[in-house]
Amino acid sequence: MAEELKKDEKSSNFLEEIIETDLANGKYKSIVTRFPPEPNGYLHMGHATSICLNFGLSKKYGGYTNLRFDDTNPVTEDVEYVDSIREDIKWLGFEWKNEHYASDYFDQLYEYAVVLINKGLAYVDDSTAEDIAEQKGTPTQPGRRNKYSDRSIEENLQLFAEMKAGKYKDGEKTLRARIDMESPNMLMRDPLLYRIKHAHHHQTGDKWCIYPMYDFAHGQSDSIEKVTHSICTLEFVPHRELYDWLIEKLEIFPSKQYEFARRNLSYTVMSKRKLLQLVNDKHVDGWDDPRMPTISGMRRRGYTPEGIREFCDRVGIAKRENITDVGLLEFCIREHLNKVALRRMVVFDPLKVVITNYKSVAADADATISADEMLVSENNPEDDKGGTRDIPFSNELYIEKEDFMENPPKKFFRLAPGKMVRLKSAYIIKCDEVIKDDKGEVVELRCSYIPESQSGNDTSGINVKGTLHWVSVKHAITAEIRLYDRLFKVEDPSSEEGDFKEYINSDSLQTVTTVYAEPSLKSAKFDERYQFLRKGYFTLDKDTSPSRMVFNRTVTLKDGWAKEQLRSQ
RNA sequence: UGACCCAUGGUGUAAUGGUAACACUACUGAUUUUGGUUCAGUCAUUUAAGGUUCGAAUCCUUAUGGGUCAACCA
């Protein structure tokens, strides 16, 4: 109820206003949107924005969204991408009403072209690509027609039929709309409608050797599907004039195009072309490398659909260029993970602690876990129903090296000679002795524990400021972890001087081959999210094998102490 | 030296001629068996100049800045 109220109160963006107006004055009873990817690459965060927008709008106002593959260029497209796109949309949590392909409409599109020819609004041009470009003029100079534009309707009809029949080679002829070679809008200067490509199409096979251009496929497909609001990005603004012209001349259902600014994220790039380069040049592990802003990359990294959707909701949409701080995305991911992640203890960089006054039951090498004291810890303090797990304790533990300092600064709340800390869900310990090797490196701590300080039964009356995570040496299991940082060193790699790849952050992946984890992680599952206490959120990577567990760091925890240290430097 | 689109805190978005706000970030403090979470608070905003109006972030004009357009790509 309160949730609904909040949504109603939320201000509308410009698209919602348009839809509300259209609905209010009866232009439409319900709306139809579509998500129209070209199957020539993997989906990224920008697509996620579009998906959330299109599906979100039809859900909010009653209606539906189609998935339509914009497959008019068989040379660059492949079914591999069709499959990954479907999977990504489903994973994000959306369901399309109908699944279509622009290629479903090739027959209809051909008929539309014939209609234009019959109206004297399209002609077959024999010019080369170079000539057409030259005749087109420039943004500041008008273009001019050539002799082919005067062909009769009958001749155009016949030539177009011959194009379809395969009589001509690639590039030999094109079909163009006859509009206005002097238009200030370059797209209106007799745009190409069809080109010849003797290429195998992943959906239609070898049926066609002529393929419609984007402008003669997209709007018409929208119209055929009765799409009411066709939402695309800003670079298509100049196409709108042509979009409307074709629909008007064809006298078909008047779908309308609306444009919004594509979403850019700081410290990454967001174009298929650039992402492809990163993959091809092996700067990343593939399209689903956890550092990539692709949906598959974010999924592998451990981002959740809920977090991504929340991010899209929060940033909203508008018509101005933007670079959104990835920090906001990370905030949304943390916010969700904090609610669902299981807490576990993992030591990344171990320092051995011997509890001198603790009598470990299992002193033998062959001792079983059950012989030792089992402590209980909550799986998630944010979730009442999260339950608990048992953690074995013993007289030999690992703590994090960085959690001990021999000469600590004033605000250091962790372990130091003579100081006490709480071991999470266990006891308070006091550091009695520091043991060093020949080089003066601290290699072991001798501590004593306070038996009355056990978590949940603490009668010691001692208050300590710091709480550390730990694992029992002999019970610990090992794993590999991969720590990710931003892929680029600068906020906007594309706007920097030179090639964007010069700004790649060479430290974006740090692998720690052996970390020590509490034994319950042995049963870690792929769809489960974990918070390694005080370290960050992690999830199992697909590189995990029976002999080696691999965890990806999804995102760090907010680290107030790191900030404090930075400040004092 | 054309046409079109855009301009609100550091970032992203609201305010639809009537008190410039929300979130993130940053900073204070409280709570905390995660230096996490949670809670309370602080800093910070209309590109500029004219005009219309009782009143302009909003409407008009001009300037400035940014973006897009000359693929048989989408």
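What you see below is based on every heavy atom in this structure, not just the backbone, and it leaves out hydrogens, waters and symmetry mates. By convention in this document, chain letters (A, B, ...) are assigned in the order of the sequence lines, proteins followed by strands, and residues within each chain are numbered from 1. On a predicted model such as this, the values are computed, not experimentally measured, just so you know.
- Contact annotation for A:Asp458: no contact, since no heavy-atom pair falls under 4.0 Å across all strands.
- Here, B:A20 and B:A40 have their C1' atoms 24 Å apart, quoted to the whole Å.
- Distance from the side chain of A:Pro381 is smallest to B:G36 among B:G36, B:G35, B:C24.
- If you take atom P in B:G10 and the same atom in B:A70, they sit 35 Å apart, rounded to whole Å.
- Across all strands shown, A:Arg263 has heavy atoms under 4.0 Å from sugar-phosphate atoms exclusively, and none from any base.
- Checking the phosphate oxygens (OP1, OP2) of B:G35, a side-chain nitrogen or oxygen of A:Arg534 falls inside 4.0 Å.
- Among the heavy atoms of the strands, none lies under 4.0 Å from A:Phe311.
- Stem analysis of RNA chain B (at least three stacked-register Watson-Crick or G-U pairs, each with both distances under 3.5 Å) gives B:2-7 with B:64-69, B:10-13 with B:21-24, B:26-30 with B:38-42, B:47-51 with B:59-63.
- A close approach under 4.0 Å does not occur between any side-chain nitrogen or oxygen of A:Lys558 and OP1 or OP2 of B:G35.
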Whether each nucleotide of nucleotides 60-73 of chain B has a protein heavy atom under 4.0 Å at its base (B), only at its sugar-phosphate (S) or at neither (-) is summarised, 5' to 3', as -------S-SB-BS
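- A:Leu328 comes within 4.0 angstrom of the backbone, heavy atoms only, and of no base.
- Nucleotides B:U58 and B:G41 place their C1' atoms 32 Å apart, quoted to the nearest Å.
- Within 4.0 Å (heavy atoms only), A:Arg189 reaches no atom of the nucleic acid at all.
- With no hydrogens or angles considered, a side-chain donor-acceptor pair links A:Arg344 and A:Asn379 at under 3.5 Å.
- When heavy atoms are screened at a 4.0 angstrom cut-off, A:Glu310 is found touching no nucleic acid atom at all.
- Interface remark: the A:Arg314 side chain does not form any donor-acceptor pair with the B:U13 base, using a distance-only criterion of under 3.5 Å.
- B:G51 and B:U11 have their C1' atoms separated by 34 Å, given to the nearest Å.
- For the C1' atoms, the distance linking B:A26 with B:U32 amounts to 23 Å, nearest Å.
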